[in-house]
Amino acid sequence: MPSLRYTIAADLRAQITSGSLKAGERLPSEPRLAADYKVSTPTLRNALALLQAEGLIEKIHGKGNFVRHPLRRLTYTGGRLTPDTDLHVTIRTTHLRARGDLIPLLKVPSRTPLTEFLCLTHQGESPHSLARIYVPRDLAPAELPWCPTWLAASQEAVTARLPTPEEASTLRISTTQAVLAITRASSDNTGRVIKAARLVLPGNRANALFTTHHANEERGTEG
């Protein structure tokens, strides 16, 4: 027999997919839902967490739980995300100094002046993905008109993991929903790292496409 949280989640999911609960609509308050389903508030919240992890609802602090608008899936390929007219970006710039894992990532001494560009993409009112781009301050441009396409590249590491509490809060996702975390470092022809970026994409909003190019080696024929 399924647990109560799965039963509640299934009922709410059916209401969302059938259109009884429409995109952008606020769900009844958690105490009201708990009373309607005759369960404790923690059990109700566990059910809502399942729907949040599926991307069907989002919890906005101080406002409540809302049905999400259908989220676009973007394809990450060739080191970048192509700009999408349905998405808009907000950028926050911060000056800081290199410390922790930024030192080996950027290959700079401790406390080197850096500029961080925090880029948060939105689809409508819902956060879609975020990127943190780090540039030595003497190389930092005045602005980044579309952050993800600025990730032009060199070395790249891709990890599937759970979001940090800060990432989950910023992207309005459950802490149990997997994200695709991409770290990139780009160097100039002298080997200096000119920028590094960390991109976080919720697993239900992006696909990653990687292409392997095989070089054919020609062997000389001995006479």
Side-chain angles (χ1 to χ4, degrees), residues 12-13 16-17 19 21-27 30 48-96 115-135 140-153 156 158-184 195-209:
L12 290 171
R13 186 185 300 109
I16 293 170
T17 55
L21 287 171
K22 302 186 182 332
E25 185 175 343
R26 183 182 183 276
L27 272 63
E30 292 178 2
L48 295 178
L50 294 173
L51 300 178
Q52 188 179 8
E54 294 173 23
L56 292 177
I57 66 172
E58 64 177 329
K59 184 171 185 175
I60 302 177
H61 182 69
K63 294 184 178 180
N65 295 286
F66 293 80
V67 179
R68 276 190 183 273
H69 290 274
L71 294 169
R72 293 181 64 88
R73 271 188 175 269
L74 299 182
T75 298
Y76 178 84
T77 181
R80 64 184 61 211
L81 290 172
T82 303
D84 191 298
T85 55
D86 289 343
L87 299 179
H88 63 275
V89 185
T90 59
I91 304 173
R92 187 181 72 198
T93 303
T94 304
H95 294 307
L96 48 80
T115 297
E116 177 194 70
F117 296 92
L118 174 61
C119 307
L120 183 62
T121 62
H122 290 78
Q123 180 184 343
E125 297 299 319
S126 298
H128 194 281
S129 60
L130 68 89
R132 293 181 184 272
I133 300 174
Y134 301 93
V135 186
E143 61 180 9
L144 298 178
W146 176 261
C147 290
T149 60
W150 199 63
L151 312 183
E156 180 175 76
V158 182
T159 305
R161 59 169 173 78
L162 295 178
T164 66
E166 180 185 8
E167 290 167 349
S169 176
T170 300
L171 293 169
R172 299 180 197 163
I173 60 174
S174 168
T175 54
T176 62
Q177 180 181 336
V179 297
L180 191 66
I182 302 168
T183 301
R184 302 177 61 79
K195 60 180 175 289
R198 290 173 174 152
L199 183 63
V200 179
L201 303 168
N204 64 349
R205 304 179 204 174
N207 299 313
L209 177 64

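Computed from heavy atoms alone, side chains included, the values below leave out hydrogens, waters and symmetry copies.
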Gap separating the [atom1] atom of [X] from the [atom2] atom of [Y], nearest 0.5 angstrom:
X: I133; Y: C119; atom1: CD1; atom2: SG; result: 4.5 Å
X: H128; Y: H88; atom1: NE2; atom2: NE2; result: 12.0 Å
X: T121; Y: L201; atom1: OG1; atom2: CG; result: 8.0 Å
X: H122; Y: T90; atom1: NE2; atom2: OG1; result: 5.0 Å
X: E54; Y: Q177; atom1: CD; atom2: CD; result: 9.5 Å
X: I57; Y: I16; atom1: CD1; atom2: CD1; result: 6.5 Å

Is there side-chain contact between [X] and [Y], with heavy atoms separated by less than 4.5 Å?
X: L118; Y: L120; value: no
X: I173; Y: P163; value: yes
X: L48; Y: K59; value: no
X: T115; Y: T93; value: yes
X: T159; Y: T183; value: no

Taking all non-hydrogen atoms of both residues, which atom of [X] and which atom of [Y] are closest, and how far apart?
X: R68; Y: P127; value: NH1-O, 4.2 Å
X: F66; Y: L27; value: C-CD1, 4.2 Å
X: L162; Y: T176; value: CD2-O, 3.6 Å
X: Q52; Y: R172; value: NE2-O, 3.7 Å
X: L130; Y: T170; value: CD2-CG2, 3.9 Å
X: V67; Y: K22; value: CB-O, 3.3 Å

Counterpart residues, side chain to side chain contact (heavy atoms under 4.5 Å, CB included), relative to T164 (two or more places apart):
R161, E166, E167
So, R26 side chain and K63 main chain: donor-acceptor pair closer than 3.5 Å or not?
yes
Is it the case that the side chain of T94 and the backbone of E116 share a donor-acceptor pair, with hydrogens and angles ignored and the cut-off at 3.5 Å?
no
